Amino acid sequence: MSKPSIPQGTRDFSPVVVRKRQYILNTLRDIFELYGFQPLETPAMENLVTLTGKYGEEGDRLIFKILNNGLHEMKEEKRNKFNEELTKVMSKAYSSPVVTERALRYDLTIPFARYVVMNQNDLAFPFRRYQMQPVWRADSPQAGRYREFWQCDADVVGSTSLINEAELLCIYQSAFHQLQIPVKIKINSRKLLAALAELCGTPEKMIDITVALDKLDKIGWDGVTKELRERGIEDAGIDQISKVISITGDNQAKLEQLTALMTNTPIGLQGIKELSISLSYYSGLADAGWGGTIEVDISLARGLNYYTGVIVEVVCDSDKVKMGSIGGGGRYDDLTGLFGLKGLSGVGVSFGIDRIYDVLEQLDAFPAQLASGAKVMLVNFGGDNERYAISVLKQLRDAGVAAELYPDAAKFDKQMKYANKRAMAYVILPGDEEREKHLVSLKNFATGAQQMITLEECVKLLK
RNA sequence: GAGGUUGUAGCUCAGUUGGUUAGAGCAUCAGAUUGUGGUUCUGAGGGUCGAGGGUUCGAGACCCUUCAUCCUCCCCA
């Protein structure tokens, strides 16, 4: 007998953990629905060709490919061909439709784009959807990084209105307010980064600048300078970048200074205008009770290179927590163009469920009542008492009280220990005396107090 | 792709320069206790020391190979 284990980079979620995760997911779901987003689910596997070439060379290697089935019923000749191709596939980054033509979903964005293109005739655009599902990556796991993890996305496609940007900001604010996580939302525009590349005199280096700048938090300005040099940016250009990212003040002041710096780059001015309009829409929609701050941050880059407009990132704003971003998103033009549907602009946000979980744990901000499960357990005394217990059990459930009966007439001590371990709030003792009097003895497990009462009174207490 | 960590009971881990029959806590089961839990006491079961090879009179420990694991860098969420 081999010891049981689970695949590298996967996790079991125990009951308490599932409850806490569901609390996060339910909170987000309610908000998405409130803002008119519709739920979407796509299959765990996609056709391999749908995924390949969408995540870059590195990404292609990290896609979990699924071996074709039906090997046992192949004809001799086909099986030989299969084995030949399999050897090739195993030896290097090589794909063969003979061996694998499906793969596990790598993220939710590409399947979403695929869905939109396939259903373009039926969808009402702008299409607002949210999706919360696991994704898989054949990456080597490390702390906080798994081969199976959940993503939670909300996107709007088919509209270029900046109201969408403002609404997604509201969703972030509302969500983290409800979850009681203090946050700072950083906002920028890819157009400003494009303008920055122009200011450097190297507009074609925008991606290089973006990737380098994205590491500012991690490696500091000196590190970024070094990386920019390695990526072929001249010192004069680095000076320009330095000048732009070091502007200070509130959002209004920052945008004004930027305007001055970028008067000669139309794309920069447009980016500034978009940020300004988004923020103004936002202030019309925002609730005064939300605590999070929204801050224009020119150094915010976001690694993903399909973003083209406004980009955002959420970080936890608390001294007690050290954590990278817990959410991010932005506008992307033409994502569906990959599948032949051109001219559809989209904007979306993503919530980092695992990190949000960790933050809530560190802040000790999960609601206390999540810990307890079923409310009450009935002790099983066997025989006639068991029959009585079953009738009480049914009546409790009919009244909407979460209850369970210990299934065996085991020793009393054992049953009580079980109830204790399960963290039951109450225990009901349906024994001889209770059965004869048609009453129940209800014991409060926290206080130890016990009373013999009618079932009606009992239900009233437990509801 | 590069580097490092750890593999001993179901779980978490001790195990001295290589030396008799490999230990503890938790968990499980039984008993003190057949209607009163959280903290008690007693006892029991449970091990091819990750796998394979080597050195040695003798290996859980040393060497080689291999597998697994966790972590760091790269990259990413």
Side-chain angles (χ1 to χ4, degrees), chain A residues 1-12 14 55-63 92-93 105-109 132-153 211-212 214-215 217-219 223 227 230 301-305 313-315 323-329 348-359 376-383 385 389 406 408-435 440-452:
Chain A
M1 195 177 68
S2 66
K3 273 196 193 182
S5 62
I6 56 173
Q8 184 186 32
T10 65
R11 296 160 289 172
D12 289 321
S14 59
Y55 308 107
E57 209 173 303
E58 178 76 6
D60 276 358
R61 286 201 302 115
L62 300 183
I63 293 171
K92 54 189 160 195
R105 161 174 76 216
Y106 183 87
D107 71 357
L108 301 180
T109 308
M132 303 189 282
Q133 290 187 281
V135 301
W136 295 270
R137 295 189 188 175
D139 205 354
S140 83
Q142 47 186 276
R145 192 163 160 191
Y146 304 94
R147 286 185 155 182
E148 179 187 72
F149 61 98
W150 281 62
Q151 287 194 338
C152 174
D153 291 6
V211 170
D214 192 37
K215 297 175 183 166
D217 276 352
K218 227 179 196 174
I219 60 179
E227 178 144 354
E230 281 166 10
R302 307 274 309 152
L304 296 173
N305 54 29
E313 187 165 287
V314 184
V315 294
M323 182 70 71
S325 75
I326 53 179
V349 291
S350 178
F351 288 81
I353 305 286
D354 292 292
R355 283 185 171 183
I356 290 171
Y357 181 97
D358 290 343
V359 168
V376 54
M377 188 195 90
L378 284 75
V379 174
N380 188 333
F381 289 112
N385 291 333
Y406 197 88
D408 301 298
K411 282 174 62 174
F412 188 76
D413 181 60
K414 189 173 172 173
Q415 298 193 40
M416 293 298 272
K417 277 184 173 151
Y418 172 81
N420 187 60
K421 205 164 181 177
R422 284 285 310 277
M424 292 289 167
Y426 294 92
V427 163
I428 287 175
L429 310 169
D432 292 333
E433 189 184 352
E434 289 85 352
R435 171 171 51 83
V440 293
S441 284
L442 180 70
K443 181 185 176 74
N444 182 323
F445 235 45
T447 64
Q450 185 173 328
Q451 50 186 331
M452 203 182 290

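If you're wondering where the values come from, they're calculated on a predicted model, not measured in any experiment. A note on names: the letters A, B, ... follow the listed sequences, proteins ahead of strands, and every chain is numbered from 1.
Taking atom CD of residue Glu58(A) and atom P of nucleotide rC75(B), one finds them 9 Å apart after rounding to whole Å. Atom-to-atom, CZ of Arg61(A) to C1' of rC76(B) comes out at 12 Å; the value is rounded to the nearest Å. The distance between atom NZ of Lys215(A) and atom P of rC73(B), rounded to the nearest whole Å, is 12 Å. Put simply, CZ on Arg147(A) is 15 Å from C1' on rC75(B), counting in whole angstrom units. rA77(B) atom C1' lies 10 Å from atom CG of Asp139(A), rounded to whole Å.
Scanning atom types as modelled, no donor and acceptor separated by under 3.5 angstrom connect the side chain of Lys411(A) and the base of rU34(B). No hydrogens or angles were tested; on distance alone, a donor-acceptor pair under 3.5 Å links the side chain of Arg145(A) to the base of rC75(B). Put simply, the side chain of Gln415(A) and the base of rU36(B) share no donor and acceptor less than 3.5 Å apart.
Picking from rG37(B), rU72(B), rG35(B) the nucleotide with the shortest atom distance to the side chain of Glu434(A) gives rG35(B). Side-chain proximity of Lys417(A) to rU72(B), rG37(B), rU69(B): nearest is rG37(B). Here rG35(B) is the nucleotide among rC75(B), rG35(B), rG37(B) with the atom lying nearest to any side-chain atom of Ser441(A). For Gln151(A), taking side-chain heavy atoms from C-beta onward, the closest of the listed nucleotides rC71(B), rA77(B), rC70(B) is rA77(B). Distances from the side chain of Arg137(A) to the nucleotides rU36(B), rG1(B), rA77(B) place rA77(B) closest. The side chain of Gln142(A) approaches rC71(B) more closely than any other nucleotide in the set rC71(B), rU28(B), rG37(B). With rG35(B), rC29(B), rG37(B) as the candidates, the nucleotide lying closest to the side chain of Phe381(A) is rG35(B).
Comparing the P positions of rU6(B) and rG58(B) gives a spacing of 28 Å, expressed to the nearest Å. Taking the P atoms as reference points, rU28(B) lies 15 Å from rC11(B), given to the whole Å. The same atom, P, is picked in rG54(B) and in rG46(B); the two are 31 Å apart, to the nearest Å. Atom name C1', nucleotides rG25(B) and rG15(B): the rounded distance is 15 Å, in whole Å.
Here the side chains of Ser325(A) and Arg355(A) are in contact, with some heavy-atom distance below 4.5 Å. Side chains of Val314(A) and Phe351(A) form no contact here, defined as non-hydrogen atoms less than 4.5 Å apart.
Nucleotide rU20(B) forms a pair with no other nucleotide shown, judged by Watson-Crick or G-U wobble geometry with both contacts under 3.5 Å. Nucleotide rU6(B) is matched to rA68(B) when pairs are restricted to Watson-Crick or G-U wobble geometry with both distances under 3.5 angstrom. Under the Watson-Crick or G-U wobble criterion, with both distances below 3.5 Å, rU56(B) is left unpaired in every strand shown. For rA44(B), the paired nucleotide is rU28(B), the pair qualifying as Watson-Crick or G-U wobble because both relevant distances are below 3.5 Å. For rU36(B), there is no paired base (Watson-Crick or G-U wobble, both distances below 3.5 Å).
Between the Glu434(A) side chain and the Gly431(A) main chain, a donor and an acceptor come within less than 3.5 Å of each other.
The aromatic rings of Tyr106(A) and Tyr55(A) sit tilted relative to each other, their planes meeting at an angle between 30° and 60°.
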